[in-house]
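Shown next, in structure tokens, is the structure this report addresses.
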Amino acid sequence: MVDATVSEKTPTVTPSDTSPLLSKGASTAFDAPAYSDEFSSLPPSEAEILREQVQHTEKSASFMSLFRYADSFDKLLLVFGGLAALAEGCMRPLMTIVFGQVTDLFSNYTRYIPYEEFYSPGFNYTGSHYNGTYGYNETYYNQTMYNSTESYNYMNEYIDPDYFQREVNRLTVYFVIIGIADVALSYFSTYLFIDRGEVLSARIREKYLEATLRQNIGYFDKVGTGEITSRISADAILIQEGISEKVAYCVANLATLTAGFIVGMVRSYKLALILSSMLIMMMFSFAIGSQKMKSAIRRSLSGYSVGGTLAEEVLASVRNVQAFGIQERLALRYDSHLVVTEKYGLRAGICLGIMSGILWFGIFGADAIAFFTAPMYIQQGELTTGIVVTVLLTITHGAFALSHIAPHFKAFTSATAAATKIYSTIDRVSAIDSKDASGDKIENINGEIELKNIKFIYPSRPNVVVLNDFSLKIPAGKTVALVGASGSGKSTIVGIIERFYKPVKGQVTLDGHDITSLNLRWMRGTISLVSQEPTLFSTTVYENVEQGLIGSPYENLSAIEKRELIVEACKQANALSFIEALPDGFNTTVGERGFLMSGGQKQRIAIARAIVSNPKILLLDEATSALDTKSEGIVQEALDRAAKNRTTIVIAHRLSTIKDADMIVVMKRGEIIETGTHNELIARKSEYYNLVQSQKIEKEKNATIYGEETSSSSSETSSTLDEKLDNDETLEKVKTKASVKVRDLGPDVEDVENEAAEVINESGYTIPDLVKFIARLSQSENSYVYMGVFCSVIQGLSYPALGEFYGHAVQGLQFVFSDPGRMYSETYTYAGLFIFLAVLLCVTTASAISLYTYVAQRLIRRIRYQMFRRFLRQDIAFFDLDENTTGTLTMSLAREAQSIDGLSGATFGQIMNSIVNVISSATLAIIVAWNLGLVCVACVPLMVLSGFFRFWVIAKFEETVKKSHEASASYACEAASAIKTVISLTREDDVCERYHNALHAQTLKSRVASRKSAILYAVAQGMQYFITALAFWYGGNLLRIRQYGLLEFYIAYMAVIFGAQGAGIVFSFASDMGKARLAAISVKKLFDRVPEIDAWSTEGTKPENVEGNIEFKDVVFRYPTRRQVRVLNGLNLRIKKGEYVALVGASGCGKSTTIGLIESFYRPTSGQVVLDGVDIRDLNLSEYRSHIALVSQEPTLYAGTIRDNVKLGSPDENVSDEVMIAVCKQANIHDFIMSLPDGYDTLVGSKGTLLSGGQKQRVAIARALIREPKILLLDEATSALDSESEKIVQAALDEAAKGRTTIAVAHRLSTIQNADVIFVFDQGVVVEQGSHQELLGKRGKYYELVQMQALEEMQ
């Protein structure tokens, strides 16, 4: 039986041997399998219990649901922002009304004869001039309406130029007023939506993290930490972009559409209704296309979330990845998930392209319809030219407004798709909800626990029964130890008591109360858990221990009282001595997951955290497994003291830690074999006796029975241990602040520091540099880029073509009475050209967006793939930096590429055609009317400048806010990855509060930049109206003096106006451009970073005929992040080829550091590490590591099958199953694997969570053995194994060690007593060396360690 589970199967994609991005055909994607009920074979009641723990239903989110967490104040501000956006959107239809009056004024003025001509003697009106008499209606004379049914004779009306100028000035003022109003309204609407978007997205992040932390553990068997990180960072940003200023833009454009339609209906309902047919077609295409896009984007996000989980696993275990040289293989596996994102991202882009193409067809189609129908209405006297232009412009502006929405539309569909995933988690009802306030609380708890007839099945492995009809009573105040083989169900019992899972049958009681009836948070507050793999949080030692007080009666004590409790707990856990020796003592940061501490130090801090609250129930799941022998003895004594008067359940493989237990329960395959005290079970000589015998240390030959000598030795050990333990070296307390100068640490440290600074602090990338960089990344898709640019050029040229066609069509309407035939001919001709333009733009727009999307999706996939590869390329020192936590790097993979995606596809297409539009429109305006064109074009740079400043403000702000996002995302990732620790400590509220504070501080910082951004955007928008006013006023002056006619004015005017709008559109994407720039800088900085220890380097000698002689020569080493501490202090060590060598000593003395230096994870600060007489610096790194295999203290497996994980160890990717099975048999894991329903195809879950600790370790050992290394490194390789498995695996390791150099780090001395040489470390140097028997004969430090692990009863 096993105490682990397997998640629902997902298909395994076998990546190609070469990078999938090197070939264009490599875009085959896979889809997730259809859901099938894996619990159908179980009884309905049991199936329902398991199903509710893992099922995760999705309900599609609507756009309005994005605002579900807006409170009354938020809604009020959003309403104000929405009203401001509505009003701002109405400005353009208002402008068209004024423009209609302008058209009538200009048309009338240019139609009639100048004053001088009118009164010229002998002047004869012929040709194109009026003949002096013409039928007219007196109402027309008053400039209201034609009436073709009545005929009048009149002399041509004369319009006084001064009167004309006064009218021009009056209408110009209207344009200016509209512009000022637009600036104010744009500012308020944009700022309010940006600010509320920041606030609401932060609230959604908080709700998501809160909901995640309240889920039952079965949920996390299905959802990996990487997915949670992707949701809380990348997906939350998608939601923020969908509810921020883009909403204001779209509300304004929808208002333009609606107001334009209303104005058109008022001015001429017939023409408006005819033109609105195109609007209906466009809106219908939007409705269908949006659903298709949303579905594709949701599947794209789902595909990446799986890849994000794999990325998080790999980055969290980067030492293991580099040791085995499997960077490329894991990168290809990661890329297989990116294929899904690319596939559905491309589908979404094609949908958007088709929608946009139909949109542009509708816009120019409406122009064509207008000029087909308008002549008839004008000739009939129902309309004037001004009314036609007003209606046409209002409807056209409405259609243009829809085109402006299109590039932002992807943001809304992406936001709703992301919200669907996030809200489904938020809305999920947890089967075991830690936030549920219901349930009883026992006032005077005794601590009696009873398991009655428990049947337990893990939800993710429904075919395996772990416990069946299991019953056990644990008396109050007693210590009960659970022992047995790995997978026998020991840790499962702890999980059931903590209510991590639900048993399918049976009952667990606490003091006679069913634990399901108790308040969950209260119950967990009475229990303290120390897990097999201790988890610390990235904060100080003090705060880590203080977290043990959360939920306890001591939570609200004063700071002084808390400190007393914390110091006392650390003293009891034997942690105080090493903590005080740290540079900052209790204020020392432990690093992400405690990586700055050794395994033993982490475990002791975790124990201190567990006992600081004086819990009623103490659960110790291999609590001392990572401790050295000395520490174990003292800590065990402390735990024995702590166990008094409280119920304690101990799980242990190292039987020396539980021999004093009140009751020992021996388990096998989910059943109890025997129970009793240590002495009782030894006397029975049964299962427990056999376990003890397998751990017995060989006595010193010819030695007498340990007697008084032993007692005196133990006494001496106890008295001196607190003084000697764990001091890496004698240190004064040195504050790690800026006042500590690098040179104070010695020249060797200064050189490394400066080198790191040169690598890490690269900056100063210019925009051309970044453009070239991105262009190089997209080089293989250049042909698609060129085709897209060609289509964009055609789109951009359509604006000046529009001005040209407009000018001629409006001029044609002037012949309504003088030459109706010519009017129809010219307007129909240009209506036909509008149809041609509509079809052309439909095709080119759809093609451009689809092409850009293809290029963008390939680029995004390539960026993520290459970023992942380059992360894995970096040396370990890179990952030790605070800014490079696993959460931060996982977020970067999701966010950087996504930010560049924000500037791709439709957005990039819009920017390209806007740029072409500005240039071509300005050119046409200058050609047609050079002085009018120059004056107006000179104003466009003002718009560009304000837009650029907005881009600059956002870009600078993004640089500062990125760090806040990374810090908060890293914090959330850390909490999610340590979910069992978080909920067992009842830290849910504490985690959420800290996360809230981080986001709140970030929101406050955002507001200043948001205001600047909004005002600059508003000025850029208002400039369109101011330029229009200038063009109208100056053009009116030129018309007044007859320098230009109506045709020239219209062509130049329309070109300038559309050019100004194009410039305005470009900088509506300023926020996207700012984010894309920062993302490009981040990616380029990573690509340019060459680590000191470079796995890609081809330099160095390739070692041949490796024998395995290793030597350390005067090695001094300091960790890059803690340069004040010398971990190794002049280490000298010589290991001969083929020797089996053991490294022993106190935690923190440098054993694992030695392993790290052999693996070349770090370079020595000074001294040499030599292989076969050659300094390993001079060897090719990849070739060198290929001769080494590592089994770490905390085994690392990756999501996938057992087969995949074992074969990862082999340099040959096509290694046969026969070889795999052979090494699994050596590692004593084959029989267990074959007992599983899917055998070697069994999924191990994220980070191997579906296997027990011992099972994971044996798979890791098999992975090392399949490598057939010359040097085998075992860093506590058997620490997680039960005694029976340990004995067999140790025999296998002993066999595997033959013919190769083996270096083992061990606390459990029974595993290394057969070593050829044992090196005893203390304070970074070797203090003793020799064989087991030789060292026992010295009666030194090793002798003391052996004494403390003796299991025999002392006589």
Side-chain angles (χ1 to χ4, degrees), residues 439-454 456 467 470-484 489-500 503 506-531 548-549 551-554 565 569 572-573 607 609-624 635-652 657-667 672 674-681 984-986:
D440 301 326
K441 298 179 183 179
I442 306 172
E443 290 187 7
N444 297 310
I445 182 172
N446 294 317
E448 181 181 272
I449 298 173
E450 186 173 4
L451 291 84
K452 300 177 181 178
N453 308 114
I454 295 294
F456 183 81
L467 300 176
F470 182 90
S471 296
L472 176 66
K473 187 172 184 178
I474 301 168
K478 300 295 183 182
T479 298
V480 174
L482 308 178
V483 300
K490 305 183 300 297
S491 295
T492 298
I493 292 172
V494 169
I496 293 173
I497 293 172
E498 279 274 15
R499 287 198 66 198
F500 291 158
Q507 185 183 44
V508 181
T509 63
L510 173 61
D511 289 350
H513 299 266
D514 191 325
I515 61 172
T516 59
S517 68
L518 300 177
N519 179 273
L520 182 57
R521 185 177 176 80
W522 169 87
M523 188 193 78
R524 286 177 176 163
T526 64
I527 301 172
S528 283
L529 169 66
V530 182
S531 300
L549 296 172
S552 74
Y554 311 108
L565 289 175
Q572 288 186 28
I607 291 170
R609 181 176 62 192
I611 64 178
V612 69
S613 63
N614 193 26
K616 291 291 184 182
I617 300 169
L618 190 60
L619 305 178
L620 306 174
D621 188 355
E622 287 282 3
T624 60
V635 171
Q636 192 59 49
E637 184 182 343
L639 290 175
D640 291 342
R641 290 199 305 269
K644 291 179 180 178
N645 301 320
R646 63 167 56 96
T647 306
T648 305
I649 300 174
V650 183
I651 295 175
T657 63
I658 51 92
K659 60 185 180 183
D660 295 326
D662 297 304
M663 179 171 69
I664 296 172
V665 179
V666 183
M667 297 178 61
I672 296 175
E674 56 181 348
T675 62
T677 64
H678 171 73
N679 292 338
E680 290 171 353
L681 294 175
S984 66
L985 291 171
T986 64

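Not measured: the values here are computed from a predicted model.
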Looking at Asn446 and Ala476, what are the two nearest heavy atoms and their distance?
O-CB, 3.5 Å
Smallest separation among heavy atoms of Gly676 and Leu681, with atom names:
O-CD1, 3.6 Å
Hey, is the main chain of Leu618 close enough, under 3.5 Å, to the side chain of Ser528 for a donor-acceptor pair?
no
Donor-acceptor under 3.5 Å (Thr647 side chain, Gly477 main chain):
yes
Is there side-chain contact between Lys616 and Leu510, with at least one heavy-atom pair below 4.5 Å?
no
From the list Ile607, Leu529, Val530, Thr479, side-chain contact (heavy atoms from CB on, under 4.5 Å) partner of Leu620 resolves to Val530
Flag side-chain contact, heavy atom, 4.5 Å: Phe470 against Thr492
no
Please name the pair of heavy atoms, one in Arg609 and one in Val612, separated by the smallest distance, quoted to 0.1 Å.
O-CG1, 3.3 Å
I need the single residue from Ile649, Leu482, Leu467 that forms a side-chain contact (heavy atoms from CB on, under 4.5 Å) with Leu472. Which is it?
Leu482
Give a yes or no on whether the backbone of Gly447 and the side-chain of Asp511 come within a donor-acceptor separation of less than 3.5 Å.
yes
Under the salt bridge (Lys or Arg N to Asp or Glu O under 4.0 Å) test, which residues partner Arg521, sequence neighbours left out?
Glu988, Asp989
Not counting sequence neighbours, which residues clear side chain to side chain donor-acceptor pair (under 3.5 Å) with Thr516? List them please.
Asp514
Does any non-hydrogen side-chain atom of Lys490 lie less than 4.5 Å from one of Met667?
yes
Contacts of Glu674 that satisfy salt bridge (Lys or Arg N to Asp or Glu O under 4.0 Å) - sequence neighbours left out:
Arg684
